[in-house]
Asks: 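Can you keep this structure in mind? I'll have questions shortly.
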Protein chains: 2
Amino acid sequence: MDLRHLRYFIAVAEEENIGRAAARLHISQPPLTRQIQQLEEELGVRLFTRTPRGMELTQAGELFLEEARNIRSVVEQATERTQRAGQGKLGRLDIAIFGSGILGIIPRLLLAFRTAYPEVKIVLHTMTKAEQIEALRQRRITLGFNRMLAPLPDLATELVATEQLLVAINESHPLAREESVSFPMLAEHPMVLFPTGARPNFIDKVMRLCEEAGFVPQVSQEVGDAVTGVALVAGGFGICLVPESVTALTLPGVVFRPLHDTPPNCRIDLSCLYRADDQSPILTEFLETVRAFHGAHVAGHSPGIQTETVWDAGI
Amino acid sequence: MDLRHLRYFIAVAEEENIGRAAARLHISQPPLTRQIQQLEEELGVRLFTRTPRGMELTQAGELFLEEARNIRSVVEQATERTQRAGQGKLGRLDIAIFGSGILGIIPRLLLAFRTAYPEVKIVLHTMTKAEQIEALRQRRITLGFNRMLAPLPDLATELVATEQLLVAINESHPLAREESVSFPMLAEHPMVLFPTGARPNFIDKVMRLCEEAGFVPQVSQEVGDAVTGVALVAGGFGICLVPESVTALTLPGVVFRPLHDTPPNCRIDLSCLYRADDQSPILTEFLETVRAFHGAHVAGHSPGIQTETVWDAGI
DNA sequence: GCAACACAATACCTTGAAGGTATGGAGGTT
DNA sequence: AACCTCCATACCTTCAAGGTATTGTGTTGC
């Protein structure tokens, strides 16, 4: 049996006349007669009674008509769903984020994608950079968000945003009195660094910037992520350099101050990481969203807009 | 798209290798390659990624695999159900019964059929003989139970059972004292007759029998059906001749007495009526059941068995 | 009652697509 | 570098779907 048989059967059942049904199907009458005979023979069931006025469904034929219509609609839905899946509009996207990645820009990006592709189920996984690379290689995730990415042969990156660096300072700290701080002012103040883990990382960036400013930072503590770092600032462990998205985290007693006279490289990239060989349409659509979002973000947040922001985390 | 495409797709998806899938399908590799390409092209969706190790499903392919398996099982179920319908094992049977037909043998027959063909839905309609004939012609019913059927050109009959005639008597009536009665004893006693309606009917039969016994009955009342007739006997309207199946109806004050020295034609047929041109397998199977039932009934209830029965309706 | 009609079935031919054989080409392995 | 394992392509064969012409069988209309 064939989908053609079903199409023909439905036409004959509806027209109750082989000639008219053949016209509707744009074929001639004899082949249609044969196809119907074939179908009946294959099922071993008489579907029609032949009358001088045409073809009349038997009871078994009535039942088969319902079934045939049902099959047709199931097939239609299947192709339609598969096509949407092929266009990246239906399916599942496994994304890795890092510890404090849930702050700032990523949620807005995910929301934008979810709005554009409501039938794609986004599954979030919290992973370190090394875990992300491993999971991408094993195809357990499709994409990871990270910072400070060294080029890798089989993985590609897409820049999501570049963020300004801020200093997280305890409100009782002398530097908290400044509207903004400069790099040399950070010398001599004990500093919390993050994250521990695979190099190169944010710590290397901070060390290099301090070096360029002519001093070696006093490291009071190294921690795993930005959230812990800011918590230690709240606890009086020292100051901590953080990307601006961390200001989404409000902890009592912590204020954030911008860095003035910053060198041009005193910004930190947020990128996403994916398999260079991944052709999946959902990934393609997601990267498209990332690019659009990045463009809008750069355009919308032109130089100076950050001065509007209140850096104090408040209570 | 074709059911063949689905079969081939499932094989390739399961084997993850065109060569092995082709072997499983008993075709060679190149046509299978082409069929898969065709399917992808028709859907406009890449279902597989070609790797050096074989064929790997894309996300859209995974979804289509589920859909394809689903379609396959829907098609299988449809053919299976249609085949059962074609064998008369699945479907609907519209049967007409007459007023008091629900008494006696018909329920047992219906129960036997229902047990043998549990998936055939029996729908009962109460109709007079004339209504049955009309409904059969319009195909609103497939079969009707009736008595006293005159042969009709387009309708066929099948004998279900022949029943003895009994006399329903009010317990205070003089005849109630007899163990059994003979036809001449009925003369002079007012008699209730049924049914009014299309001739020939049971009334004609009773009139003829009385005539053969040498008297003309005193008709006290004509009513529509046996139930009403027996109710009038209970009310003292007179005696009433009924087929034995009416004894299933117990009314206070009514006793039933057999007729002894009855002529051989003093029995009444219960037949079923159906379209002579009806080829429906369900009807065929039902008639088969009727014949088996009739045979067993005749064999099981050999002469004399009725003497065991208590004719008093009791309270 | 005969002719005309309407419908499905049959006979025979044509064509297109599925299937087969042989071979190419790309990526990985020994 | 040679070989192996895949899938893809080229080209041929065959079978079945589709077309045309015709038959056969009931029904309708004059």
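Numbers restart at 1 for each chain; the letters A, B, ... are given by sequence-line order, proteins then strands. We use all heavy atoms of the structure for the numbers below, so side chains are in, but hydrogens, waters and symmetry mates are not. Here the structure is a predicted model, which is why all the values come from computation and not from measurement.
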Asks: What is the distance, to the nearest angstrom, from the CD1 atom on Ile18(B) to the P atom on dT9(D)?
Replies: 11 Å
Asks: Strictly by side chain to side chain donor-acceptor pair (under 3.5 Å), give each pair with a member in residues 272-285 of chain A just once, sequence neighbours left out.
Replies: Tyr117(A)-Glu285(A), Arg275(A)-Asp277(A)
Asks: Any side-chain N or O of Asn17(A) under 4.0 Å from OP1/OP2 of dA6(C)?
Replies: no
Asks: With a 4.0 Å cut-off on N to O distance, would you call Arg291(A) and Glu288(A) a salt bridge?
Replies: yes
Asks: Please enumerate all residues that pass side chain to side chain donor-acceptor pair (under 3.5 Å) together with Lys89(A), with sequence neighbours excluded.
Replies: Gln87(A)
Asks: Rounded to the nearest Å, what distance is computed from the CZ atom of residue Arg46(B) to the P atom of nucleotide dC7(D)?
Replies: 13 Å
Asks: When the distance from CD of Glu16(A) to P of dA8(C) is rounded to whole Å, what number comes out?
Replies: 11 Å
Asks: Identify, with sequence neighbours excluded, every residue that meets ring-ring contact (aromatic ring centres under 6.0 Å, His included) alongside Phe9(A).
Replies: Phe48(A), Phe64(A)
Asks: If I take atom CD in residue Glu15(B) and atom C1' in nucleotide dC6(D), what distance separates them, rounded to the nearest angstrom?
Replies: 15 Å
Asks: Please report, rounded to the nearest Å, how far the P atom of dC6(D) is from the CD1 atom of Ile36(B).
Replies: 17 Å
Asks: Could you run through nucleotides 17-30 of chain C and give me one letter per nucleotide, 5' to 3': B if any protein heavy atom sits under 4.0 Å from the base, S if only the sugar-phosphate is that close, - if neither?
Replies: -SBBBB----SS--
Asks: Between Arg20(B) and Gln37(B), which has a closest nucleotide on DNA chain D that is more 5'?
Replies: Arg20(B)
Asks: Residues in side chain to side chain donor-acceptor pair (under 3.5 Å) with Asn70(A), at least two apart?
Replies: none
Asks: Sequence neighbours excluded, which residues qualify as side chain to side chain donor-acceptor pair (under 3.5 Å) partners of Arg50(B)?
Replies: Glu40(B)
